[in-house]
K.L.:
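Provided herewith is a single structure, encoded as structure tokens, for subsequent inquiry.
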There are 2 protein chains.
Amino acid sequence: MARSASAMRGQILESALRLFAVHGFRGTSLQDIASDAGCSKASLLYHFAGKEKILTELLTPARDALATLLDRVAGLEGGRLVEETVTGYVDLTLRFRREIRLLFEDIAEMSCHQDLDVMELANGLLDALAGRSRRAPARVAAWMVLGAVFITSATDDEVAPDEVLRAEMIRSALRALDHTPS
Amino acid sequence: MARSASAMRGQILESALRLFAVHGFRGTSLQDIASDAGCSKASLLYHFAGKEKILTELLTPARDALATLLDRVAGLEGGRLVEETVTGYVDLTLRFRREIRLLFEDIAEMSCHQDLDVMELANGLLDALAGRSRRAPARVAAWMVLGAVFITSATDDEVAPDEVLRAEMIRSALRALDHTPS
DNA sequence: ACCATAACTGTCCGATCGGTCAGAACTGAC
DNA sequence: GTCAGTTCTGACCGATCGGACAGTTATGGT
């Protein structure tokens, strides 16, 4: 063997990203990555100081891209600020989809696992949020609200008292769904 | 020792929920839970058939509540459907905050960890999405969009081609932020 | 051809994990 | 007090993990 160092490193990173995105970080062992990349586990640790360093190297480009975006919008304000930030953020997440997915597959695996089959319920919730519509705009907005409420509830940021938080979450969600109050 | 069975079970579930919410499911060992609950690891496995069963018992109430919500809105349609679903979903996530948090702490720990300190960047992004406003409605909406875009990008649901997905994500996000197009 | 260096590997290690099991400790009914 | 049944535990097990290290193999400059 003994390919060029950068080639092997690239192969390792590629394998790691794919496996992390399927089984999660903790759910993927160094041996798994080594087997997939076609080298020994010891070779991994020759190229990378440790398992965490592999993860760091995988996530750094996304991090840097986010930092760049924030720099770019630092001087803006008002409507331009929000528009540029949203557009940039969306593009960024789409570009680094696999990296984001690896952060979530721990959850996904946990949800699919065991008796409680959450995925079926999640699809039901998605349908209801989309108002039973199958059209793409409604479905995308439904996904957005699904994730938005989920994450916002999980935050411990103390951004607002619970009553305010609840009211604003509902209003914001309905706006995202393009819902005209009846 | 030798308390009543249900008391010990309750103590174990309480400890497990708290520890899972701090260190994640995989990041919490049976020994951790046992120490926190004030019993031996073997005692855990007397009350619960395995580690996964503890998680199942913790998440089942939330799952059942979601199923109940979906049943309740099953007969509705149009505006009422969307309103009831959103309100119910928000209430549900707020009620089961700790359970949701435990699903996320794997991510949180991973993000805070290592060199790349993502949290500072996330706060910057949050500020920009909120249009630099410190008011609660803007901050809540910013959190919503942060999570919405993140999760929607991570999905592999093939809900729409990437160009459509991108456009709808941006539109939906701007609506959630109550942004009036300039 | 030679050799310093880079690339790579087999093997071992300590730690930790979830889980088992035989038996001790406790409990309430009688 | 006795005893059956419940509750609990220390000790142990096999598996797996991330990592260390000495030694082997390939590479490129001379």
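Numbers restart at 1 for each chain; the letters A, B, ... are given by sequence-line order, proteins then strands.
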K.L.:
Nearest whole angstrom, please: distance from the C1' of dC12(C) to the CG of L30(A).
P.N.:
16 Å

K.L.:
Any donor-acceptor pair under 3.5 Å joining the side chain of K51(B) to the base of dG19(C)?
P.N.:
no

K.L.:
Between F48(B) and E57(B), is any pair of side-chain heavy atoms under 4.5 Å apart?
P.N.:
yes

K.L.:
For the pair made of NE2 in H23(B) and C1' in dT16(C), what is the distance, rounded to whole Å?
P.N.:
16 Å

K.L.:
To the nearest Å, how far apart are L45(B) CG and dC17(C) P?
P.N.:
13 Å

K.L.:
So, for E168(B) and P137(A), which heavy atoms are closest and what is the spacing to 0.1 Å?
P.N.:
OE1-CB, 3.4 Å

K.L.:
Contact class for S43(B) vs. all strands (heavy atom < 4.0 Å): base, sugar-phosphate, or nothing?
P.N.:
base

K.L.:
How close or far is atom C1' of dG19(C) from atom CD1 of I33(B), stated in whole angstroms?
P.N.:
14 Å

K.L.:
Map L44(A) and G50(B) onto DNA chain C by nearest heavy atom, then report which one ends up closer to the 5' terminus.
P.N.:
L44(A)

K.L.:
For a quick check under 3.5 Å, do D71(A) and T68(A) share a side-chain donor-acceptor pair by atom type?
P.N.:
no

K.L.:
Which nucleotide wins on minimum distance to the side chain of Y46(A), given the candidates dT9(D), dC17(C), dA7(C)?
P.N.:
dA7(C)

K.L.:
What's the closest nucleotide to the side chain of S40(B) if the choices are dT9(C), dG10(D), dG18(D)?
P.N.:
dG10(D)

K.L.:
Side-chain contact test, heavy atoms from C-beta onward, threshold under 4.5 Å: evaluate it for L146(B) versus Y89(A) and give yes or no.
P.N.:
yes

K.L.:
The side chain of C39(B) is closest to which nucleotide in this list: dT9(D), dG18(D), dG18(C)?
P.N.:
dT9(D)

K.L.:
Between C1' on dT11(C) and CD on Q31(A), what's the gap in Å once rounded to a whole number?
P.N.:
13 Å

K.L.:
Without decimals, in angstroms, what is the distance between I12(A) CD1 and dT9(C) P?
P.N.:
9 Å

K.L.:
Pick the nucleotide of DNA chain D nearest each of A42(A) and H47(B); which residue has the one closer to the 5' end?
P.N.:
H47(B)

K.L.:
Report yes or no: do S35(B) and Q31(B) form a side-chain donor-acceptor pair below 3.5 Å?
P.N.:
yes

K.L.:
From CG of L55(B) over to C1' of dG18(C), roughly how many Å is that when rounded to an integer?
P.N.:
15 Å

K.L.:
Provide, to the nearest angstrom, the distance between the CZ atom belonging to F48(B) and the P atom belonging to dT7(D).
P.N.:
13 Å

K.L.:
Students often get this wrong, so: under 4.0 angstrom with heavy atoms, is S29(B) touching a base, only sugar-phosphate, or nothing?
P.N.:
sugar-phosphate

